[in-house]
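Owing to the predicted nature of the structure, the values given are computational and were not obtained by experimental measurement.
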Amino acid sequence: METVKLYYEDAYIREFDAKVVSCRKSDKNNKTWLIELDRTAFYPEGGGQTADVGEIFGSGSNEHFSASANVENACGNERCDANILSNNYSDSSKNISKKVSVTDVQEKDGQILHYCNAEIDPGTIVHGVIDWERRFDHMQQHSGEHIVSGMICEAFNCDNVGFHMGADIITIDYNADITEEELLKIEEKANKYIWEDHRIEISFPGEKELAALEYRSKKELSGAVRIVSFPGADTCACCGTHVERSAEVGLVKFLSCQKFTKGSRIELLCGKRAFDHLSICREQNRIIARAMAASYDKTADVYMKQRAELSELKYKLSLTEQKLFEEIAKQYENYGDVLFFTKGLEPDSVRKLCVLIAEHCNGRSVVFSADSAECADNSNQHAENSNTKTIAETTCAADIDIQKKDAVKSCRRYKYAVKLKGDDEPKLIRDMNTVLNGRGGGKGGFAQGSASASEQEIRAFFEMLG
């Protein structure tokens, strides 16, 4: 016996009474029970729409079921009233003895199975309550998708070849190339349609009527076909739940449009999701505007101006850094092996300094730059040769204070660059990474990476090399 689908008689039913037809443990999860009801308002997953969730309350008896025989007739072609459904079950809800959670709903061969966290005996009168906030969200998303898909398919003579209603966003695939600018025109048109408050029409046309009807469908259909029509926007075969009037969608907002296989993939929000997204964007823009001392509608202009100024400053800084590095490197002319400590350099700057020193020292060049946040002594910067003989103060860099041993020990994270000399073994880098908890590598006698060790441990490693 097929389950009576109350959500088709009225998508706005939030609560209903029913009788448990069967209950069995899931074959895949022994903590999940599959409960079949004679009728349900829980929508099963299908047509790109995720299933309803909610709760089922068991009455602990089946003595009132006979009073429910007229539920279907009570619904008729008008919207079913949840109170009518419940009243036809007499006072069954007054004897609630059990509550189970519905976490998923699936349909198989016309029978709808509710995936629950506990069992309810067959024959029990139950009261179902769907998560209405979730359901209405699905109705807004699905109806909004129909409106925009109908308009897109008409405008670009294409098909909707993929639809997924996620917990956060909707993704739709079309077999047409669509630009952001073109999509914005569709968005404006769709929202105008929504605000005009059109009534949505749902029907099961006969075979001849269906054959003469133009409607969207991803596949050939047979048997009873449910047609959902948004007059002037879309007509489509669909099994999902929808709002009664277009204004209930609220608004639609496209988030992105990307090339996808042989067409385009768009991301969409409708209704409250769109409103919440715009509220977040507004708050982010408010914070940015305040930080930039800009008005809300000028943040992008101010940002682009500041970005250009920052790029210019970075360029000037790179020139200054290059001159500083050249002065440092000249101090090690024909010096031999150099182990140089500094702080706060970016990986590319560490590389540049290492290469410049190598061009002058005629030996192995090693540069370690401590992360600024890890270095308690912000002025500790010095160089040593491979015999750990302290070099004189490097006046063109920061002052040296090698007596502050505790500060040196606190420098734990380093970026490094190494330019090997001619007789160095390539395995030196592997050995260094092992001893100094490092990661990195390279080729052609040059290596770069990071290490976690104290300055003393680093010095000790290079002392062993001789």
Side-chain angles (χ1 to χ4, degrees), residues 1-14 16 18 21 36-52 68-82 84-85 88 105-114 128 130 135-136 138-151 153-154 159-160 163 165 193 197-249:
M1 182 179 71
E2 290 193 1
T3 309
V4 176
K5 300 172 180 177
L6 299 176
Y7 50 83
Y8 278 169
E9 297 173 6
D10 183 1
Y12 291 80
I13 293 176
R14 308 184 189 193
F16 65 99
V21 175
E36 179 189 355
L37 306 176
D38 66 328
R39 68 202 67 212
T40 186
F42 283 93
Y43 178 79
E45 180 181 15
Q49 181 174 326
T50 51
D52 285 334
S68 67
N70 295 321
V71 171
E72 292 175 59
N73 294 332
C75 292
N77 294 323
E78 300 299 325
R79 173 182 290 185
C80 293
D81 191 317
I84 293 176
L85 291 175
N88 275 280
V105 186
Q106 298 291 326
E107 181 177 6
K108 185 176 182 181
D109 299 327
Q111 296 177 324
I112 297 177
L113 299 177
H114 305 75
I130 68 170
R135 157 67 77 77
F136 189 67
H138 291 173
M139 292 163 65
Q140 286 186 315
Q141 307 311 311
H142 208 154
S143 297
E145 181 272 328
H146 272 249
I147 293 169
V148 300
S149 285
M151 292 180 176
C153 290
E154 181 182 27
D159 298 310
N160 174 337
F163 165 59
M165 186 190 300
Y193 177 90
D197 196 23
H198 298 267
R199 186 173 184 84
I200 313 309
E201 300 171 358
I202 299 177
S203 63
F204 288 87
E207 186 176 345
K208 290 183 179 180
E209 186 182 358
L210 186 66
L213 187 66
E214 290 188 11
Y215 63 95
R216 291 190 302 113
S217 178
K218 296 186 180 71
K219 58 184 180 180
E220 291 292 329
L221 301 173
S222 60
V225 178
R226 184 171 181 261
I227 298 296
V228 178
S229 178
F230 293 77
D234 183 50
T235 300
C236 182
C238 180
C239 62
T241 57
H242 293 276
V243 297
E244 205 169 64
R245 304 189 68 89
S246 64
E248 293 178 84
V249 175

Checklist entry - Angle class for the F42/F16 ring planes (parallel below 30°, perpendicular above 60°, tilted otherwise)? => result perpendicular
Checklist entry - Does some side-chain heavy atom of C236 sit less than 4.5 Å from a side-chain heavy atom of V228? => result no
Checklist outcome for this item: Rounded to the nearest 0.5 Å, the CD atom of Q141 sits from the CZ atom of F163 at a distance of 8.5 Å
Checklist entry - Are Q111 and V21 close enough that some pair of their side-chain heavy atoms sits under 4.5 Å apart? => result no
Enumerate donor-acceptor pairs with a distance under 3.5 Å from any side-chain N or O in residues 205-216 to protein atoms, sequence neighbours excluded.
unit_1 : atom_1 : unit_2 : atom_2 : d
R216   : NE     : D234   : OD1    : 2.6
R216   : NH2    : D234   : OD1    : 3.3
R216   : NH2    : D234   : OD2    : 3.0

Item to check | Heavy-atom pair of closest approach, residues V243 and I200 | outcome: O-CG1, 3.5 Å
Next on the checklist: Rounded at 0.5 Å granularity, tell me how far NE2 in H242 sits from CD1 in I202.
Outcome noted: 6.0 Å
Item to check | Interatomic distance, E45 atom CD to D52 atom CG [nearest 0.5 angstrom] | outcome: 11.5 Å
Checklist entry - For the residue pair Y12 and F136, does the interplanar ring angle fall in the parallel (under 30°), tilted (30 to 60°) or perpendicular (over 60°) class? => result tilted
Checklist entry - Can you check whether E248's main-chain N or O pairs, donor with acceptor, with Q140's side chain at less than 3.5 Å? => result yes
Checklist entry - Counting only heavy atoms not in E154, do more than 12 sit closer than 6.0 Å to its CD atom? => result no
Next on the checklist: For the backbone of A11 and the side chain of R135, can you confirm whether one donor and one acceptor N or O come within less than 3.5 Å of each other?
Outcome noted: yes
Next on the checklist: Treating R245 as the side-chain partner and D197 as the backbone partner, does any N or O pair qualify as donor plus acceptor under 3.5 Å?
Outcome noted: yes
Checklist entry - Is there a donor-acceptor contact under 3.5 Å from the side chain of Y8 to the main chain of C239? => result yes
Checklist entry - Are the aromatic ring centres of H198 and Y193 under 6.0 angstrom apart? => result yes
Next on the checklist: For H138 and T241: C-alpha separation, side-chain torsions, deciding distance, then whether side-chain hydrogen bond (donor to acceptor under 3.5 Å, both in side chains) applies.
Outcome noted: CA-CA 8 Å; H138 291 173; T241 57; over 6 Å; no
Checklist entry - Is T3 reaching over with its side chain to a backbone N or O of I112, donor-acceptor style, under 3.5 angstrom? => result yes
Next on the checklist: Could you report the tightest heavy-atom contact between Y7 and P44, atom names first, then the distance?
Outcome noted: OH-CD, 3.2 Å
Item to check | Interatomic spacing from CD in E36 to NZ in K108 - rounded to 0.5 Å | outcome: 12.0 Å
Checklist entry - So how far is it from R199 CZ to S229 OG, rounded to the nearest 0.5 Å? => result 12.5 Å
Item to check | Distance-minimising heavy-atom pair for I130 and A41 | outcome: CG2-O, 4.0 Å
Item to check | Residues in salt bridge (charged side-chain N to carboxylate O under 4.0 Å, His left out) contact with E107, at least two apart in sequence or another chain | outcome: K5
Next on the checklist: Applying salt bridge (charged side-chain N to carboxylate O under 4.0 Å, His left out), can you list everything that pairs with R226, at least two apart in sequence or on another chain?
Outcome noted: none
Checklist entry - Under 4.5 Å between any side-chain heavy atoms of L6 and E9, yes or no? => result yes
